[in-house]
Peer 1: 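Handing you a structure now.
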2 protein chains.
Amino acid sequence: MARATGCNLETIRYYEKIGIMPDPPRSTKGYRSYDDAHVKRLKFVMRSRDLGFSLEEVRGLLGLVDDRSRTCAEVQIIAEDHLTDVQAKIADLQRIERVLSDTVARCTGDAAPECAVIDALLDA
Amino acid sequence: MARATGCNLETIRYYEKIGIMPDPPRSTKGYRSYDDAHVKRLKFVMRSRDLGFSLEEVRGLLGLVDDRSRTCAEVQIIAEDHLTDVQAKIADLQRIERVLSDTVARCTGDAAPECAVIDALLDA
DNA sequence: TCTAGGGTCTGTAGTTGATACAGGCTCAAG
DNA sequence: CTTGAGCCTGTATCAACTACAGACCCTAGA
């Protein structure tokens with residue numbers, strides 16, 4: 001399954017340990033055997049993680065996948081909360097980017113021991 | 001010093017343990033006593049962390065503060081590397097934001113068990 | 001003088017999301 | 001029959017803290 005999905009082997013076992021992935025059936029020698037449903041679930045997890053959902057959020061989303069009697073409204077809440085988080089992080093990073101690029105621009109970059117970046121950090 | 005800087009008490013001791021902050025002199029009963037230089041250094045660390053520098057990067061910056069014979073060019077390298085990282089993170093998050101907001105927009109948000117977000121994660 | 005409350009001290013464990021072994025078993029090819 | 005690869009479990013490690021436990025210490029009020 002690691003090869004099929006590109007997911008790290010240890011990560012799959014980690015997901016199993018924390019209950020994100022189910023315990024798969026084992027061969028007589030104890031080897032895990034996975035089927036298409038496992039692969040599909042893992043891909044779901046990977047895509048969710050790639051979109052920045054935390055494992056707890058993924059757990060919530062999986063609960064909604066597993067129990068299709070639950071509603072779109074529940075999913076919407078999780079996704080919108082996450083979207084808000086992402087937007088806040090973007091705003092934060094953009095602020096940082098502004099400060100950094102302003103300061104770096106004032107850097108002469110020469111061999112002198114005076115530096116605009118250090119000064120900004122010392123005196124801001 | 002925690003009160004003076006707004007830094008968590010445990011965090012200050014953590015910085016001391018890992019060598020970001022120097023071991024302060026102690027009273028006879030073993031209480032730490034800090035002076036203005038400590039406060040200034042801690043504020044430097046806090047501002048650097050706030051700008052997203054890792055503790056290792058902060059350590060590098062502090063080295064340049066401590067040894068003013070070193071150059072502006074060295075600082076510029078650290079700061080520009082970090083700026084590149086920040087810009088990459090912003091781009092990543094903006095991609096995520098696009099996908100998320102597109103998907104959430106297709107969410108009906110009603111009581112039905114069908115959900116555009118789940119479908120996107122399942123079938124993408 | 002006693003006591004209650006807050007502060008400080010050290011040291012250790014927990015957090016998130018993995019990743020990296022160590023040490024052992026199994027399996028297929030040459 | 002060996003060699004190399006793969007799998008198994010379990011534990012340790014990473015960043016950057018945070019949260020205790022259990023022990024002191026210090027000051028203010030009764």
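Reckoned from all heavy atoms, side chains included, excluding hydrogens, waters and symmetry mates. Naming convention: chains lettered A, B, ... in sequence-line order (proteins, then strands); numbering from 1 in each chain. These figures come from a predicted structure and were not determined experimentally.
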Peer 1: Would you compute the distance between atom CG of A:Asp67 and atom CG of A:Leu62 and round it to the nearest 0.5 angstrom?
Peer 2: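 Answer for the CG-CG pair, A:Asp67 versus A:Leu62, is 12.5 Å.
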Peer 1: Please report the distance, rounded to the nearest Å, between CD1 in B:Ile12 and P in D:dT18.
Peer 2: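 Rounding to the nearest Å, CD1 of B:Ile12 and P of D:dT18 are 11 Å apart.
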Peer 1: For B:Asp110, which residues count as a salt bridge (charged side-chain N to carboxylate O under 4.0 Å, His left out) partner, sequence neighbours excluded?
Peer 2: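 For B:Asp110 there are no salt bridge (charged side-chain N to carboxylate O under 4.0 Å, His left out) partners, ignoring immediate neighbours.
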Peer 1: Under 4.0 Å: is that the gap between some side-chain N or O of B:Arg13 and OP1 or OP2 of C:dT10?
Peer 2: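 Answer no for this pair, as no side-chain N or O of B:Arg13 is under 4.0 Å from OP1 or OP2.
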Peer 1: Between B:Thr11 and D:dA16, is there a contact of a side-chain N or O with OP1 or OP2 at under 4.0 Å?
Peer 2: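 No.
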Peer 1: Considering residues at least two apart in sequence or located in another chain, which fulfil the salt bridge (charged side-chain N to carboxylate O under 4.0 Å, His left out) criterion with A:Arg106?
Peer 2: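 None.
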Peer 1: Whole angstrom is fine here: how far is it from CE in B:Met1 over to P in C:dT8?
Peer 2: 12 Å
Peer 1: Any residue in residues 77-91 of chain B with a heavy atom nearer than 4.0 angstrom to DNA chain C? Just list them by number, or reply none.
Peer 2: none
Peer 1: Please report how far the helix from C:dT1-D:dA30 to C:dG30-D:dC1 bends, comparing the axis fitted to its first five pairs with the axis fitted to its last five, to the nearest 10 degrees.
Peer 2: 20°
Peer 1: Does A:Arg32 have a side-chain nitrogen or oxygen under 4.0 Å from the phosphate oxygens OP1 or OP2 of D:dC8?
Peer 2: yes
Peer 1: Using whole Å, what does the distance between atom P of nucleotide C:dA18 and atom CE of A:Met46 come to?
Peer 2: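 Rounded to the whole Å, the gap is 10 Å.
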Peer 1: Take the protein atom CG of A:Leu42 and the nucleotide atom P of C:dA18, then report the distance between them rounded to whole Å.
Peer 2: 11 Å
Peer 1: Tell me which nucleotide among D:dC7, C:dA20, C:dT12 gets nearest to the side chain of B:Lys17.
Peer 2: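 Comparing D:dC7, C:dA20, C:dT12 against the side chain of B:Lys17, the answer is C:dT12.
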Peer 1: Taking OP1 and OP2 of D:dT9, is either one under 4.0 Å from a side-chain nitrogen or oxygen of A:Arg26?
Peer 2: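 For D:dT9, OP1/OP2 do have a side-chain N/O of A:Arg26 under 4.0 Å.
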Peer 1: For nucleotides 15-17 of chain C, list the nitrogen or oxygen atoms of the protein found under 3.5 Å from its nitrogen or oxygen atoms, one pair per line.
Peer 2:
residue	atom	partner	partner atom	Å
C:dG17	O3'	A:Arg49	NH2	3.2
C:dG17	N7	A:Tyr14	OH	3.4

Peer 1: Using the ring-ring contact (aromatic ring centres under 6.0 Å, His included) rule, collect all pairs that involve residues 91-122 of chain A, keeping only residues at least two apart or in two chains.
Peer 2: none
Peer 1: Would you list the pairs meeting side-chain hydrogen bond (donor to acceptor under 3.5 Å, both in side chains) in which at least one residue belongs to residues 11-30 of chain B, sequence neighbours left out?
Peer 2: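 Those involving residues 11-30 of chain B are B:Glu16-B:Arg32.
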Peer 1: Using the side-chain hydrogen bond (donor to acceptor under 3.5 Å, both in side chains) rule, collect all pairs that involve residues 77-87 of chain A, keeping only residues at least two apart or in two chains.
Peer 2: A:Gln87-B:Glu97
Peer 1: Give the minimum heavy-atom separation between B:Gly6 and B:Met46, together with the two atoms involved.
Peer 2: C-CE, 4.1 Å
Peer 1: D:dA16 P sits how many Å from B:Ile20 CD1, rounded?
Peer 2: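 Whole-Å distance recorded here is 9 Å.
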Peer 1: Can you pull the ring-ring contact (aromatic ring centres under 6.0 Å, His included) pairs that have at least one residue in residues 102-121 of chain A, sequence neighbours excluded?
Peer 2: none
Peer 1: Does A:Thr28 or A:Asn8 map to a spot on DNA chain C nearer the 5' end, using the closest nucleotide for each?
Peer 2: A:Asn8
Peer 1: Is any NZ, NE, NH1 or NH2 atom of the basic residue among B:Lys43 and B:Asp50 found under 4.0 Å from an Asp or Glu carboxylate oxygen of the other?
Peer 2: no
Peer 1: Can you name the nearest heavy-atom pair linking A:Cys115 to A:Cys107, along with the distance?
Peer 2: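 Here A:Cys115 and A:Cys107 meet closest at SG-SG, 3.6 Å.
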Peer 1: What integer distance in Å separates A:Glu16:CD from D:dT9:C1'?
Peer 2: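 Taking atom C1' of D:dT9 as the reference, CD of A:Glu16 is at 11 Å.
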Peer 1: Just jot down the salt bridge (charged side-chain N to carboxylate O under 4.0 Å, His left out) partners of A:Arg41, sequence neighbours excluded, or say none.
Peer 2: A:Asp66
Peer 1: From CD1 of B:Ile18 over to C1' of D:dC17, roughly how many Å is that when rounded to an integer?
Peer 2: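 From B:Ile18 CD1 to D:dC17 C1': 9 Å.
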Peer 1: Tabulate protein N/O versus nucleotide N/O from nucleotides 2-6 of chain D, keeping only pairs under 3.5 Å, one per line.
Peer 2:
residue	atom	partner	partner atom	Å
D:dG6	N2	A:Tyr31	OH	3.1

Peer 1: With sequence neighbours left out, what residues match B:Glu57 under salt bridge (charged side-chain N to carboxylate O under 4.0 Å, His left out)?
Peer 2: none
Peer 1: Counting only N and O atoms by type, is there a donor-acceptor contact under 3.5 Å from the side chain of A:Asp92 to the main-chain atoms of A:Arg95?
Peer 2: no
Peer 1: Whole angstrom is fine here: how far is it from CG in A:Leu9 over to P in D:dT9?
Peer 2: 11 Å
Peer 1: Hey, what do you get for CG (B:Leu51) to CG (B:Leu83), rounding to the nearest 0.5 Å?
Peer 2: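 So the gap between those two atoms works out to 10.5 Å.
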